[in-house]
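No experiment lies behind these values; they were computed from the predicted model shown.
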Amino acid sequence: MRKVKLTKESTKDLLESLLKRSPNSYGGYEAAVADILANVKEKGDDAVFAYTRQFDKVEINEQTLLVTEEEIQEAYERVEPALLEVIRKAMINIRSFHEKQRQNSWFHSTEKGTLLGQKITPLHTVGVYVPGGKAVYPSSVLMNVLPARVAGVDRIIMTTPPGRDGRVYPTTLVAAKEAGVDEIYKVGGAQAIGALAYGTRSIPKVDKIVGPGNIFVALAKKAVYGHVSIDSIAGPSEILVLADETANPRYVAADLLSQAEHDEMASAILITTDERFADKVSEEVDKFTQSLSRREIIQKSLDNFGYILLAENLEEAIEAANAIASEHMEIVTRNPFEVMMKVRNAGAIFIGEYSSEPLGDYFAGPNHVLPTNGTAKFFSPLSVDDFVKKSSLVYYSREALQEIHKDIEQFAASEQLTAHANSIAVRFEEEQ
């Protein structure tokens, strides 16, 4: 990992480097994605089947597109009972955390005859995209589906690319069944996003699409936003560890690599005030990398976006962390809770040396779908809020409106909106 002295200039250079990883930087793919979406919109199932044949090298038709109950039961037989038990334990934690996010409708009334409030309504139909390909992510199934279930979404539809054998990974199917997915369709890529956004003969149109994917999926979600809602346009994974000399360098090195192994574009950053500690972490990173199964991916990730930033003091380190606004942030310092209070921008904050980032990925309960590429400055993790909509409630009696109708008419007249003023005034014509 490259070691850099933290200055305003080096922070600026780092932020510019990290932004190159954003899906917004891959405009060259947008035309191809637009063609796929237009074709799916026009031809529906036929386009979906053709793209599945082209990209996934498997034949899917109307009879085999939807995962059957028999396939799900077969998946249960292929998943180790011990893993199924872990999935169920994780579900308890995830569901419990998200249940605390539930909001209720509310209203406030007055003796003057007014009622104002907010009505909370779950979305009707949600589409969850789950990646296939290089790896299998049952944890992503749980993190995207369970908040929707807690929110009260009526119908949850999942799409995921099939393997060459026309099947879906067993652990993906089992996680989907356990979490409460209603329908699972064997389709991936931009064509899956198009099918969910526009609807086809076989795949229903949804109200919102959530879930991670490759650059084609990310750009497709961006393109269909407005036809449907989306969760976010996710970039590559990232971790920032803020540590001082009290931290364990071996633990910190292991945590940095836990994200670097995701893909070559993942980012792993250490900010520390102690150069000797930085050198120890770098040594441990090199040792671990040699023995890990995804070492080639890890090495490319570290070569491209791995940094050790040396700060003069903790205040400077915190300032840089807030500027980077990392997806995952670990605080391993002498007083981590005190530091946490000064952190403004992070998707998820892990406090202390035993709160390793993978704890959040799989088991603790908070959602692991987090803002990336600096968007933690203004976006939040996926939550129950993402699966509900809010309607304002307004009721005024005649007496309540009579008391303030002239104020409204004056306000409308000041904007030269005479029809607005008239719609109030017409109710009190007898006063003229």
Side-chain angles (χ1 to χ4, degrees), residues 40-41 43-49 51-52 56 58-79 87 91 94-95 122-132 136-163 165-213 217 220-221 224 227-231 369 382 386-388:
V40 170
K41 188 175 184 180
K43 299 180 181 176
D45 281 353
D46 292 339
V48 167
F49 301 151
Y51 285 125
T52 303
D56 298 309
V58 61
E59 288 286 345
I60 295 293
N61 55 45
E62 285 187 42
Q63 285 70 47
T64 57
L65 177 64
L66 179 67
V67 172
T68 65
E69 280 299 319
E70 289 76 18
E71 288 175 288
I72 293 172
Q73 290 309 311
E74 184 181 333
Y76 271 89
E77 294 170 6
R78 297 174 63 189
V79 171
I87 288 172
M91 283 178 57
I94 297 166
R95 185 182 289 112
L123 300 182
H124 184 267
T125 308
V126 165
V128 176
Y129 184 89
V130 177
V136 53
Y137 298 109
S139 60
S140 284
V141 177
L142 303 185
M143 292 292 182
N144 282 278
V145 174
L146 289 174
R149 271 284 161 247
V150 170
V153 171
D154 296 291
R155 187 181 184 189
I156 300 175
I157 292 160
M158 192 176 97
T159 63
T160 187
D165 59 357
R167 296 175 179 271
V168 175
Y169 284 118
T171 47
T172 299
L173 290 184
V174 166
K177 181 68 174 179
E178 292 288 318
V181 173
D182 295 298
E183 300 148 50
I184 306 168
Y185 294 94
K186 302 172 188 174
V187 55
Q191 60 272 25
I193 302 302
L196 292 171
Y198 307 128
T200 71
R201 190 168 56 253
S202 301
I203 301 174
K205 182 185 187 305
V206 301
D207 300 314
K208 183 164 189 170
I209 301 172
V210 300
V217 170
K221 286 170 69 177
V224 301
H227 293 279
V228 293
S229 179
I230 62 171
D231 52 350
V369 180
L382 191 73
D386 287 287
F387 299 99
V388 301

| task | State, with a plain yes or no, whether a side-chain heavy atom of Val128 is found less than 4.5 Å away from one of Val141. | result |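 Not touching, per the 4.5 Å side-chain cut-off.
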Can you tell me how far apart [atom1] ([X]) and [atom2] ([Y]) are? Round to the nearest 0.5 Å.
| X | Y | atom1 | atom2 | value |
| --- | --- | --- | --- | --- |
| Asp56 | Tyr51 | CG | OH | 13.0 Å |
| Ile60 | Tyr185 | CD1 | OH | 13.0 Å |
| Tyr129 | Ile209 | OH | CD1 | 11.0 Å |

Under the side-chain hydrogen bond (donor to acceptor under 3.5 Å, both in side chains) test, residues paired with [X] that sit two or more places apart:
| X | result |
| --- | --- |
| Glu59 | Arg53 |
| Thr125 | none |
| Asn61 | Thr64 |
| Asp182 | Arg149 |

| field | Counterpart residues, ring-ring contact (aromatic ring centres under 6.0 Å, His included), relative to Phe49 (two or more places apart) | value |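 If we apply the ring-ring contact (aromatic ring centres under 6.0 Å, His included) test to Phe49, skipping adjacent residues, there are no hits.
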For a quick test of reading the model, state the closest non-hydrogen atom pair linking [X] to [Y] and the distance between them.
| X | Y | value |
| --- | --- | --- |
| Gln191 | Gly188 | CD-O, 2.8 Å |
| Val130 | Met158 | CG2-SD, 3.6 Å |
| Gly132 | Pro161 | N-CG, 3.5 Å |
| Pro204 | Ser202 | CD-O, 3.8 Å |
| Val153 | Pro122 | N-CB, 3.9 Å |
| Ala176 | Ile184 | CB-CD1, 3.7 Å |

Contacts of type side-chain contact (heavy atoms from CB on, under 4.5 Å), residue [X], not counting sequence neighbours:
| X | value |
| --- | --- |
| Val388 | Ile120, Ala151 |
| Asp231 | Asn144, Val210, Lys221, Val369, Leu382 |
| Arg95 | Met91, Glu99, Leu146, Val150 |
| Pro138 | Val136, Thr171, Ala175 |

| Between Asp165 (side chain) and Arg167 (backbone), is there a donor-acceptor pair under 3.5 Å? |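 Pair found, side chain donor or acceptor close to backbone of Arg167.
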| Does the side chain to side chain contact (heavy atoms under 4.5 Å, CB included) test come out yes or no for Arg78 and Leu173, once each step is laid out? | CA-CA 11 Å; Arg78 297 174 63 189; Leu173 290 184; over 6 Å; no
| Non-neighbouring partners of Lys41 that pass salt bridge (charged side-chain N to carboxylate O under 4.0 Å, His left out), sequence neighbours left out |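 Counting only residues at least two positions away or on another chain, Lys41 forms no salt bridge (charged side-chain N to carboxylate O under 4.0 Å, His left out).
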| query | Can you name the residues that form a salt bridge (charged side-chain N to carboxylate O under 4.0 Å, His left out) with Arg201, not counting sequence neighbours? | reply |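 Asp45, Glu62.
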| query | Tell me the salt bridge (Lys or Arg N to Asp or Glu O under 4.0 Å) pairs involving residues 186-200, sequence neighbours left out? | reply |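 The answer is Glu71-Lys186.
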| message | Can you tell me which residue among Val187, Val126, Ile157, Val224 is in a side-chain contact (heavy atoms from CB on, under 4.5 Å) with Leu196? | response |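 Output: one option passes, namely Ile157.
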| query | Which residue, Val228, Ile230, Asp386, forms the side-chain contact (heavy atoms from CB on, under 4.5 Å) with Lys208? | reply |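 Output: one option passes, namely Asp386.
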| said: Can you confirm whether more than 12 heavy atoms, excluding those of Lys205, are under 6.0 Å from its NZ atom? | reply: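 Check passes, neighbour count above 12.
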